Amino acid sequence: MKRRFSNVAAGRGKARKGRGLRGAIVALALLALAGCSTMETPYRQPAAPVPAAWPSGPAYQKGAGDPSDRAAADIPWQEFFIDKELQRLIALALENNRDLRVAALNIERSRALFRIQRAELFPTVNALGSGSEQRVPGSVSPTGQPQTVHQYSVGLGFSSYELDIFGRVRSLKEQALEEFFSTEEAKRSVQISLVAEVAGTYLTLAADRERLKLARETLASQQAYYQLTSRRFSAGVSSALDLYQAQTSVDTARVDIARYTSQVAQDENALAFVIGSPVPEDTLPTGLNALATLQEFRANLPSDTLQRRPDIMQAEHLLKAANANIGAARAAFFPRIAFTTSIGTTSDALSGLFKAGSAGWSFLPQVTLPIFDGGRNQANLKVAEVDRMIFLARYERLIQNAFREVADALALRGTIDDQLTAQQSLTDATAESYRLSQARYEKGVDSYLSVLDAQRFLYGAQQNLITLRLSRLISQVTLYKVLGGGGV
């Protein structure tokens, strides 16, 4: 009877152990479900530290765009840049540019870091296997005789799995996620800058090629006039002063040809660098006149559209990441609960590992409550809070800088057409003055000095006209860029 009672008691003991294990597992699941909240301060988008509308005044009266036009951010670069050769070069740059490659690789790296941090929410289960042999001398052996002890075990388990009751791990996961989002926006920002840089370099090359062409035409004209003056000097009609003045015009044109030849070569090198590959010869522009116009777009939108710019969105994601880090720093003040558990078999012989009665398990909870850490947790919280203020200041400054960039571009867009009209009129008037001064010189009415002055004024006016035409195109590209156009 006594033996029967002991068997029943042993069975009840096993049942209690089984219920204890099941109870521990249930408690583990409930605590894991309870850890769904964090100690982060709810994020609220900061108010933009800029006016709601763009500046107004005489500089902003023109070039606002048709209200029915699309916003710049809604126009793909393939539609904005109409010129086919420029489209080819931009496509090459997007494929070969190393800065864009680095931005894309940063996205992959950030995605992997996020996956690493997210994995902290789940226990890491490992298969365990071990074996040991130990010789015990007779002096310490329970039997008084030397013996060799064998022990083998296999099992499954996890160690130091933290229950995220106060949201520390979840806050860190949220921080990694926002940093991953920021790298995606960084790539878009790099692409926008790259597209605008390719276009600006291409347009500059076109303008310098047109300046070189003008210098060559001027040299041909001045050489012909020098020959005429030389013959007049030989005939005694013109003075030596006229001859040397004609020579200065020829030499000035030759200097400009050498200078613009060098500048065109440098522009081509810059274009090859930004593209990341040699520039196809058939894509090189002959001049600004040969380029197709750029697509018009809507620019009179409220200033809050700046928050669609990827660089500003990148800064906001970093601000959100800093906000999440505060939650992790706050959670560090509270207890951490971690579990180590395993289940498997143990035997003194390999052949007995999977026999009946060899099963075993362990369940080791651990609670860590910070009591004294020399102020480390408080300092970490202060660092996290200051980091958030730093990212907030950077975010606001970025918006202010973007507002200034758009305002400057709008001011130039609103006045550039008036400048072009006036410069074209000036060029036409100077050309007529040059023609009349040549006629008066050939008839002996004026000296060659008047021809030389008129020619210099005409050449300068023509060069300034090219500069203004380039400025108009660059301003359109710049406005398209600062309003967020050209992204993915």
Side-chain angles (χ1 to χ4, degrees), residues 35-46 73 76-77 90 93-124 161-162 164 166-197 274 276 306-332 380-381 383-399 401-402 481-482 484-488:
C36 295
S37 60
T38 65
M39 306 193 73
E40 303 171 25
T41 301
Y43 175 78
R44 293 182 180 178
Q45 187 180 54
W77 63 264
I90 292 175
L94 294 177
E95 180 179 351
N96 298 313
N97 185 266
R98 271 51 177 184
D99 288 337
L100 196 60
R101 286 186 187 179
V102 170
L105 292 173
N106 281 335
I107 292 178
E108 296 302 317
R109 180 179 182 275
S110 184
R111 181 184 289 114
L113 289 175
F114 165 67
R115 291 172 62 186
I116 292 172
Q117 188 60 57
R118 185 181 60 179
E120 296 293 327
L121 293 172
F122 308 98
T124 300
Y161 169 59
E162 180 181 347
D164 195 28
F166 300 101
R168 188 186 72 88
V169 179
R170 291 180 183 274
S171 292
L172 293 176
K173 185 266 297 183
E174 187 67 23
Q175 178 188 14
L177 180 62
E178 293 297 338
E179 289 175 349
F180 163 61
F181 289 153
S182 74
T183 58
E184 289 187 323
E185 298 301 334
K187 179 178 180 291
R188 291 181 58 215
S189 181
V190 170
Q191 176 173 326
I192 288 175
S193 297
L194 177 60
V195 169
E197 186 176 1
V274 72
L306 290 175
Q307 294 176 340
R308 294 180 59 185
R309 275 180 44 155
D311 56 338
I312 293 178
M313 294 177 68
Q314 176 191 2
E316 185 173 11
H317 282 303
L318 292 176
L319 176 59
K320 291 179 180 179
N323 190 69
N325 192 39
I326 292 177
R330 288 173 177 167
N380 284 334
L381 177 59
V383 169
E385 291 174 342
V386 172
D387 282 344
R388 184 188 182 280
M389 290 187 287
I390 292 174
F391 282 109
L392 174 60
R394 289 177 179 174
Y395 171 74
E396 292 177 338
R397 177 166 177 77
L398 199 58
I399 292 179
N401 184 65
K481 170 191 171 183
V482 298
V488 179

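Residue numbers start at 1 and run along the sequence shown. Treat the numbers as computed from the prediction; the structure is a model and nothing was measured.
When all heavy atoms are compared, the tightest approach of Ser171 to Glu40 is OG-OE2, 3.3 Å. Glu385 approaches Ile326 most closely through the heavy-atom pair CA-CD1, 3.9 Å. The minimum heavy-atom distance between Gln175 and Ala321, with the atom names listed, is CG-O, 3.5 Å. Residues Pro46 and Leu392 come closest through the heavy atom pair CG-CD1, 3.5 Å. Residues Phe122 and Tyr161 share a closest heavy-atom pair of C-CE1, 3.6 Å. The heavy-atom pair separating Ile312 from Ala402 by the smallest distance is CD1-CB, 3.9 Å.
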Please walk me through it: do Arg188 and Glu184 pass side chain to side chain contact (heavy atoms under 4.5 Å, CB included)? CA-CA 7 Å; Arg188 291 181 58 215; Glu184 289 187 323; over 6 Å; no
Might you work through the side chain to side chain contact (heavy atoms under 4.5 Å, CB included) test for Glu316 and Phe181, ending with a clear yes or no? CA-CA 10 Å; Glu316 185 173 11; Phe181 289 153; over 6 Å; no
Side chain to side chain contact (heavy atoms under 4.5 Å, CB included) between Lys173 and Val169: does it pass, once the steps are laid out? CA-CA 6 Å; Lys173 185 266 297 183; Val169 179; 5.5 Å; no
Do Glu185 and Asp311 pass the side chain to side chain contact (heavy atoms under 4.5 Å, CB included) test, and can you show the C-alpha distance, the side-chain angles, and the key distance before you say yes or no? CA-CA 6 Å; Glu185 298 301 334; Asp311 56 338; over 6 Å; no
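Side-chain atoms of Ser189 do not come within 3.5 Å of backbone N or O of Ala186 as any donor-acceptor pair. Checked by atom type and distance alone, the side chain of Asn323 pairs as donor or acceptor with a backbone atom of Thr41 at under 3.5 Å.
In this structure, CZ in Phe391 is found 13.5 Å from NE2 in His317, a value given to the nearest 0.5 Å. The CD1 atom of Ile192 sits 8.0 Å away from the CZ atom of Arg309 when rounded to the nearest 0.5 Å. Annotation: the span from Asn97 atom CG to Leu194 atom CG amounts to 4.5 Å, rounded to 0.5 Å. Remark: Gln307 CD to Met313 CE distance equals 9.5 Å, nearest 0.5 Å. Rounded to the nearest 0.5 Å, atoms CG (Leu318) and OG1 (Thr183) are 9.5 Å apart. Taken from CG in Asp99 to CD in Glu197, the straight-line distance is 8.0 Å, to the nearest 0.5 Å.
For the pair Leu319/Glu178, no side-chain contact is recorded, criterion being any heavy-atom separation below 4.5 Å from C-beta on. In this structure, Leu94 and Gln191 have side chains that are in contact, with non-hydrogen atoms separated by less than 4.5 Å.
In this view, Asn96 and Leu92, Arg98, Arg101, Ser277 satisfy the side chain to side chain contact (heavy atoms under 4.5 Å, CB included) rule, not counting sequence neighbours.
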Check: residues 110-121 side-chain donor-acceptor pairs under 3.5 Å, at least two apart:
| residue | atom | partner | partner atom | Å |
| --- | --- | --- | --- | --- |
| Ser110 | OG | Phe180 | N | 3.2 |
| Arg111 | NH1 | Glu108 | OE1 | 2.9 |
| Arg111 | NH1 | Glu108 | OE2 | 2.8 |

